[in-house]
Amino acid sequence: QVQLVESGGGLVQPGGSLRLSCTASRINFSIYAMGWYRQAPGKQRELVAGITSGGSTNYADSVKGRFTISRDNAKNTVYLQMNSLKPEDTAVYYCNAERPIPWGENYWGQGTQVTVSS
């Protein structure tokens, strides 16, 4: 059974930093594209940052220059370094692992709450 477990969320003041981690179990981690998504109350879940199995990254416009996604395949872990946090970054952040067709696999973590408030 594939398992993705997020950690690192919490309460931080505007301008502060957090680093989220997502560790995968029972998965051939290196062949999956990994992503961080977030969902704020009353809003759609959105892609924040993604990283392919080859290491290419992409970011939502709202976080470019502030967030950095990275992966450590030896640790089966993907990270999201979040700097210069804003109140609008407040959301539940979810880790995702994906393999496209022909595998068609997609897995989600349980989510971790990030609250940015003074």
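Neither side chain, Thr90 nor Thr115, offers a donor N or O lying under 3.5 Å from an acceptor on the other. Side chains of Gln81 and Asn83: a donor on one and an acceptor on the other come within 3.5 Å.
Hydrophobic clustering (ILVMFWY, side-chain heavy atoms < 4.5 Å, transitive): Val114 and Tyr79 are in distinct clusters. Hydrophobic clustering of Ile, Leu, Val, Met, Phe, Trp and Tyr side chains at less than 4.5 Å, counting indirect connections, unites Leu20 with Val116. Linking Ile, Leu, Val, Met, Phe, Trp and Tyr residues whenever their side-chain heavy atoms come within less than 4.5 Å leaves Val5 and Leu80 in two separate clusters. If you chain together hydrophobic residues whose side chains sit under 4.5 Å apart, Val2 and Trp108 never meet in one group.
Side chain of Asn58 to main chain of Ala49: no donor-acceptor pair is present (N/O by atom type, distance under 3.5 Å, no hydrogens or angles). Although no hydrogens or angles enter the test, the distance criterion places no donor-acceptor pair under 3.5 Å between the side chain of Arg45 and the main chain of Gln39. Between the side chain of Arg71 and the backbone N or O of Thr52, at least one donor-acceptor pair lies under 3.5 Å. A distance-only check finds a donor-acceptor pair linking the side chain of Tyr59 to the backbone of Ile69 [under 3.5 Å]. A distance-only check finds a donor-acceptor pair linking the side chain of Glu6 to the backbone of Gly111 [under 3.5 Å].
Taking the centre and axis of the six-membered ring of Tyr32, the NZ or CZ atom of Arg99 falls inside the cone set by 45° and 6.0 Å.
With a 4.5 Å cut-off on side-chain heavy atoms, Arg38 and Glu46 count as touching. With a 4.5 Å cut-off on side-chain heavy atoms, Leu85 and Phe67 count as touching. Using a 4.5 Å cut-off on side-chain heavy atoms (C-beta onward), Ser7 and Thr112 make no contact. The shortest side-chain heavy-atom distance between Asp72 and Ser70 does not fall under the 4.5 Å cut-off.
In this structure, CD1 in Ile31 is found 7.0 Å from CD in Glu105, a value given to the nearest 0.5 Å. The CZ atom of Phe29 lies 7.0 Å from the SG atom of Cys22; values are rounded to the nearest 0.5 Å. Between the CH2 atom in Trp103 and the CD atom in Glu98 there is a gap of 12.0 Å [rounded to 0.5 Å].
Here the closest heavy-atom approach between residue Thr23 and residue Lys75 is recorded as CG2-O, 4.1 Å. Closest heavy-atom contact between Ala24 and Leu4: CB-CD1, 4.2 Å. Residues Val78 and Trp36 come closest through the heavy atom pair O-CZ2, 3.7 Å. A pairwise comparison of heavy atoms in Ser84 and Asp89 identifies O-OD2, 4.5 Å as the closest pair. Taking both residues in full, the closest heavy atoms of Cys95 and Met34 are given as SG-CE, 3.7 Å, listed atom of the first, atom of the second, then distance. The shortest non-hydrogen separation linking Val48 to Val63 is O-CG2, 3.6 Å.
Taking a 6.0 Å sphere around CD of Gln44, one finds it holds 12 or fewer heavy atoms contributed by other residues, nucleotides or ligands.
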Quiz item: For Ser117 and Leu11, what are the C-alpha separation, side-chain angles and deciding distance, and is it a side chain to side chain contact (heavy atoms under 4.5 Å, CB included)?
Solution: CA-CA 7 Å; Ser117 177; Leu11 175 65; 4.3 Å; yes

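Ion pairing of Asp61 with Lys64 is present here, as a side-chain N (NZ or NE/NH1/NH2) and a carboxylate O approach within less than 4.0 Å.
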